[in-house]
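Only one structure is covered here, and it is reproduced in the block below.
A, B, ... follow the sequence lines: proteins, then strands. Residue 1 opens every chain.
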Protein chains: 2
Amino acid sequence: MINKKSPVPIYYQLEEWLRGEIDKGELLEGDLIPSERALSEKYEISRMTIRQAVSNLVNEGLLTREKGKGTFVAKKKVEQPLIRLTGFSEDMKQRGMEPGTKRLDFIQLDLPPSISKELRVETYSKGYQMKRLRLADGLPMAYEVLTLPKTLFPDLTPEKFDHSFYEYVESLGLKIGGAEQSIEPAISKEESALLNIERGSPVLLMKRVSYLGDGTPFEFVKSIYRGDRYKFITEMKR
Amino acid sequence: MINKKSPVPIYYQLEEWLRGEIDKGELLEGDLIPSERALSEKYEISRMTIRQAVSNLVNEGLLTREKGKGTFVAKKKVEQPLIRLTGFSEDMKQRGMEPGTKRLDFIQLDLPPSISKELRVETYSKGYQMKRLRLADGLPMAYEVLTLPKTLFPDLTPEKFDHSFYEYVESLGLKIGGAEQSIEPAISKEESALLNIERGSPVLLMKRVSYLGDGTPFEFVKSIYRGDRYKFITEMKR
DNA sequence: ACATGATAGTTGTCTATACCACTATACTTT
DNA sequence: AAAGTATAGTGGTATAGACAACTATCATGT
C-alpha cells in the first residue's frame, strides 16, 4: 500500500491512499480517520510525514482536524461558482424550460468599431455574425446577435451553433475563461414583432463579452430579452 | 522581532513578520526572500519551523517556491469574489460616483404576505419599512423600499441607516451570509416624478433578499433604478 | 570557443524525539 | 449524586539532523 522505495514521496502516496478511501466510500463524511500516531506505527512512517499528508488534505478541504479529538472526513461542500458562464440553452434548462432556436441570419462582415473594440481586434477585420430568435417552451424569449472574430474561428458554419456553442469552442482546444456582462432596461422597438410583444413593452438589453483563459475576447453577444418572461437572477456573498 | 517565549507560535510570528514586510513594501513582487537556512540561522529557529511558516504563506498564495532557486514573493492576483454583496453606497463608490440619500418615509407595519413570505416570518408580524430616494452625484438614481423584520432588529431608528446599514448589522454581532437578487425591466409609473424621469421611461426593477450566515433572511429590498443612468454588470466564470 | 565537471546554495523529503494543549473517559472524593 | 481529579489519547508546536533533487555559477579540460 505504501512503498518506501518508490520515487513517489511517501506523504504523497499516503494522500492518494486517503483520497481513495474517501472516494470509494470506505471513509464516509464525518468519519474519524486513524490517528497520526496509529498510522505512524502501522506503516512505520514518521509522524511528521503523516502530518504532511494529512495537512495537505486538510488544506484541500477533504479532512478537518479537531484538537484533542482526532481528524475527520470533512462534509463535502457543494460550493459551485457563484455565477457560471452559460449560454442560452443551459440557462433555460436550469430554469426548467425547453430551449429552442430559430436562425434568422448568418453572415460574414467587416467588424465595425463598436464591435471590434469589444473583441479587441483590428477595426474592419473579418468576422461572423449570427442573428437568432431564442425560444423557451416554443415561445419567443430573446432576440440575439452574436459576433465572432474570424481570426479565432476561420471556418465557421451556422451548423456549429446547433448544439452548445461553448462546447464546440472547447472542442477546438480553446479554454473558456469567463465573461463580462451588462444588463440594462429598454423599451422594445423593431424587434417587437419577432418577440411577439407589443411595441413599447419593457425588455432587458444584455451585452456580453466572453473571454478565453488567456483573456482574449472570443465573442460579443447582444441580446434583447422579453421583460414579461425573463428575470435575471444572481446570488451574492458578503 | 521573534519572541520564543511568547505563547504565540513561532511559525505564526514569522508568518506575520513576512506578511508585514510584503505589506509595507520591503519585499516586492518577485523578490527573493531569505532562504530557509538563512532564516533558520539568523533567528535560531529550526528549519522545519521556518518551513511551516513559509508553507502557510505559499498556500495563501503570497509566496511561491522554486526548487533549487529559492522562495519568491508571488505576483498578487486581484481576484475578488465574483459578486460581492454590497449596498447602494458601496456600489456607487465603486462606480466612481458620490452616493447620497433622501429619506422619504420610515414606518412600523404588519408585514403583508408578499413580504413575510420572502423574509420567512409569520404573516402580519411586525416589521420596519424605509422608503428612500437614492442619489448619485446629487441626481436621483433609484427609489428604494427596504423592509426588515422586527424580530431581528427590535429597536431600529432611521438614523441607523445614515451610514452603511450592512456594517451596522455586523456591529450587532450578526454575520451576513449573502443575498439572492432578481432583476427585470419595467416601465416607470408613479415613481417617475421622484426619479426625475418621464413617465414611461425604462427602469430596472430589482428585488433582493439578504441572508445571515445561517440562512435567516434579514432584509427585503425592492428598488427601481433609472434605466438611463444604471447598468447592472456581472462577471462570470466557466 | 565550447563542453564537462565540480561546487555551493536552494527547496523537497523524511526521520526521531520532545513537550504542550485540549478532549473524553474513568475514577475518586466529597 | 455531584464535583473534582487523574489518565490516556489526540492534534499542535518545535527541534536537529540527514540526504535527495534541482539550479546557477565557476573552474577545468579539450
Side-chain angles (χ1 to χ4, degrees), chain A residues 1-19 21-22 27-75, chain B residues 1-19 21-22 27-75:
Chain A
M1 199 157 288
I2 302 288
N3 178 6
K4 287 199 173 193
K5 302 272 177 63
S6 162
V8 178
I10 296 174
Y11 76 90
Y12 189 76
Q13 294 182 45
L14 241 169
E15 269 182 58
E16 289 294 276
W17 175 73
L18 278 166
R19 251 190 282 269
E21 293 297 290
I22 294 171
L27 289 170
L28 299 173
E29 285 181 30
D31 275 6
L32 179 65
I33 73 166
S35 79
E36 297 173 355
R37 284 177 177 82
L39 288 171
S40 172
E41 286 178 22
K42 181 169 178 189
Y43 294 111
E44 294 182 317
I45 294 170
S46 165
R47 187 182 152 218
M48 290 306 287
T49 304
I50 308 278
R51 275 185 74 76
Q52 187 172 0
V54 172
S55 295
N56 287 342
L57 295 177
V58 168
N59 276 330
E60 285 177 26
L62 265 171
L63 301 177
T64 55
R65 290 204 239 243
E66 290 186 44
K67 201 187 314 185
K69 298 172 82 172
T71 303
F72 301 84
V73 179
K75 320 270 184 216
Chain B
M1 201 158 287
I2 301 288
N3 178 6
K4 286 200 175 194
K5 301 273 176 62
S6 163
V8 177
I10 295 173
Y11 77 91
Y12 189 75
Q13 294 182 47
L14 242 169
E15 270 183 57
E16 289 294 279
W17 177 73
L18 279 166
R19 249 192 282 269
E21 293 297 291
I22 295 172
L27 290 170
L28 298 173
E29 285 181 29
D31 275 6
L32 179 66
I33 73 166
S35 78
E36 296 172 356
R37 280 183 176 80
L39 288 171
S40 172
E41 287 176 22
K42 181 168 177 191
Y43 296 112
E44 293 182 317
I45 295 170
S46 166
R47 189 183 150 220
M48 289 307 285
T49 303
I50 308 278
R51 274 185 74 76
Q52 184 172 0
V54 172
S55 295
N56 287 343
L57 295 177
V58 168
N59 277 328
E60 284 177 26
L62 265 170
L63 302 176
T64 55
R65 288 204 241 242
E66 289 186 45
K67 200 189 309 186
K69 297 174 82 173
T71 304
F72 302 83
V73 179
K75 318 271 183 216

Can you see which heavy atom on S46(A) is nearest to which on S40(A), and at what distance?
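Closest heavy-atom pair between S46(A) and S40(A): C-OG, 3.9 Å.
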
Closest heavy-atom contact between A53(B) and L14(B)?
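Here A53(B) and L14(B) meet closest at CB-CB, 3.8 Å.
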
Can you name the salt bridge (charged side-chain N to carboxylate O under 4.0 Å, His left out) partners of K42(A), sequence neighbours left out?
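None.
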
Mind checking what makes salt bridge (charged side-chain N to carboxylate O under 4.0 Å, His left out) contact with E36(A), not counting sequence neighbours?
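Counting only residues at least two positions away or on another chain, E36(A) forms a salt bridge (charged side-chain N to carboxylate O under 4.0 Å, His left out) with R47(A), R51(A), R65(A).
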
Verdict with reasoning, V73(B) to L62(B), per side-chain contact (heavy atoms from CB on, under 4.5 Å):
CA-CA 6 Å; V73(B) 179; L62(B) 265 170; 5.8 Å; no

Going by side chain to side chain contact (heavy atoms under 4.5 Å, CB included), name the residues that satisfy it together with K69(A), two or more places apart in sequence or in a different chain.
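With neighbours one apart ignored, the set is E66(A), F72(A).
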
Residue pairs passing the side-chain hydrogen bond (donor to acceptor under 3.5 Å, both in side chains) test where at least one lies in residues 4-13 of chain B, sequence neighbours excluded
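For residues 4-13 of chain B, and leaving out neighbouring residues, there are no side-chain hydrogen bond (donor to acceptor under 3.5 Å, both in side chains) pairs at all.
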
For a 4.0 angstrom threshold against heavy atoms of chain A, report the outermost contacting nucleotides of DNA chain D in 5' to 3' order.
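So the contact region on DNA chain D extends dG9(D) to dA14(D).
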
Can a donor-acceptor pair be found, under 3.5 Å and without considering hydrogens, that links the side chain of T71(B) to the backbone of T64(B)?
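Not a single qualifying donor-acceptor pair exists.
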
Which letters describe nucleotides 12-22 of chain C, given B = protein heavy atom under 4.0 Å from base, S = only from sugar-phosphate, - = neither?
BBBBBBBB--B

Examine dG9(C): is either OP1 or OP2 under 4.0 Å from a nitrogen or oxygen in the side chain of S35(B)? Give yes or no.
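For S35(B), the contact criterion (side-chain N or O under 4.0 Å from OP1 or OP2 of dG9(C)) is not met.
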
